[in-house]
Protein chains: 2
Amino acid sequence: MKFSTRTTYGLRAMIKLAANYNKAAVSLAHIAKKEKISQKYLERLFVALKKEKLVLSEKGASGGYRLARDPKNIRIYDIVRVLEGEINPFHCVNDKGEIICSQKCHCGATAILIKVQGAINSTLQSMKLSDLL
Amino acid sequence: MKFSTRTTYGLRAMIKLAANYNKAAVSLAHIAKKEKISQKYLERLFVALKKEKLVLSEKGASGGYRLARDPKNIRIYDIVRVLEGEINPFHCVNDKGEIICSQKCHCGATAILIKVQGAINSTLQSMKLSDLL
DNA sequence: ATAATTCCTACTATTTTAGTGGGTATTACC
DNA sequence: GGTAATACCCACTAAAATAGTAGGAATTAT
Ligand code: FES
Ligand code: FES
């Protein structure tokens with residue numbers, strides 16, 4: 001059971017952007033080098049982050065990415081959700097906390113599954129990107 | 001990010017054993033049929049559960065498995081730990097909550113990683129097998 | 001003796017994760 | 001206007017983890 005490197009990479013990159021909020025855009029080449037992450041891989045993460053409107057991009061020389069809004073208004077959950085997909089760590093429960101397995105009537109496990117899922121979600125939702133600076 | 005089916009299968013099987021605590025041993029054939037889980041796969045899970053002394057086995061006809069101790073004294077964590085391995089959902093943090101990545105000096109992400117890991121662990125540790133009956 | 005069980009070892013198939021390669025389009029800067 | 005730096009796009013590959021399957025041997029109640 002692991003969160004993918006996408007999440008850690010993405011958080012690290014977003015922290016960089018947060019540090020430059022209201023300053024110049026930051027290029028992926030710069031982040032990739034500083035953080036020792038594959039630039040090509042980062043590029044694909046940022047396509048997703050942009051699609052979900054967490055970042056803005058500027059093309060061309062001296063372009064790059066910048067946060068779409070104040071880091072105080074970006075939850076860690078928002079970032080993880082984009083990079084990791086739905087937060088439903090058990091096949092029996094969907095991301096809304098509903099039981100979706102066939103045994104629903106006579107299985108006691110659901111109590112703990114939902115509790116773990118809730119603990120992860122609320123932890124991710126409780127922190128903002130600004131809390132990581 | 002998913003817990004493996006090993007965990008769900010294992011919990012379901014352990015719930016069955018708990019329901020039969022202090023009664024007859026339960027065979028894997030029986031559980032596999034009732035729960036629609038591959039018996040061969042279950043066998044391997046129980047090798048691990050036995051190794052960690054969560055269950056006892058009885059060979060031969062009318063044999064099977066039984067809990068090694070009262071379900072009130074078996075934490076969900078104990079079961080998950082055996083089936084899922086160490087609970088360290090991020091490559092940067094080991095199961096003791098220590099930072100093990102190379103960037104440790106200048107990365108702000110650790111705060112949230114440790115918090116998520118702690119939330120999962122304490123949730124799993126807070127519930128006993130008996131709570132699922 | 002028989003049938004039901006745990007126990008043991010090895011192999012395979014599927015899915016997910018992580019990463020690479022080769023480009024095109026846009027733009028600041030000289 | 002040329003050049004270099006950038007985002008953007010699509011397809012492919014490599015590696016690892018997960019989820020099984022296969023074929024038995026050893027043990028034991030009946
Ligand atoms: S089988 Fe899905 S929650 Fe029990
Ligand atoms: S790189 Fe490991 S915690 Fe930041």
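Letters A, B, ... mirror the listed sequences (proteins, then strands); counts begin at 1.
- Between the CZ atom of A:R66 and the P atom of D:dA7 there is a distance of 12 Å, rounded to whole Å.
- Phosphate proximity of D:dG20 to B:Y9: present, with a side-chain N or O under 4.0 Å from OP1 or OP2.
- In A:K2, the NZ atom is crowded: over 12 heavy atoms of neighbouring residues, nucleotides or ligands sit closer than 6.0 Å.
- Across residues 46-62 of chain B, B:K59, B:G60, B:A61, B:S62 each have a non-hydrogen atom less than 4.0 Å from an atom of DNA chain D (numbered order).
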Under 3.5 Å, N/O pairs linking protein and nucleotides 12-15 of chain D:
none

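- Under the 3.5 Å distance criterion, the side-chain polar atoms of A:Y21 are matched with a main-chain donor or acceptor of A:D70.
- The aromatic rings of A:Y65 and A:F46 sit tilted relative to each other, their planes meeting at an angle between 30° and 60°.
- Screening residues 115-133 of chain A for salt bridge (Lys or Arg N to Asp or Glu O under 4.0 Å), with sequence neighbours left out, gives no hits.
- At a non-hydrogen distance threshold of 4.0 Å, B:S38, B:K40, B:Y41 from residues 23-42 of chain B come into contact with DNA chain D.
- To the nearest 0.5 Å, atom OG1 of residue A:T8 and atom CG of residue B:L113 are 6.0 Å apart.
- Rounded to whole Å, atom P of C:dA18 lies 18 Å from atom CD of A:E43.
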Collect all protein-nucleotide pairs involving nucleotides 12-16 of chain C in which both atoms are nitrogen or oxygen and the distance is under 3.5 Å.
none

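- Residue pairs meeting the salt bridge (Lys or Arg N to Asp or Glu O under 4.0 Å) criterion with at least one partner in residues 3-23 of chain B, sequence neighbours excluded, are B:R12-B:E35, B:K16-B:E35.
- Using a 4.0 Å heavy-atom cutoff across all strands shown, A:F3 reaches no nucleic acid atom at all.
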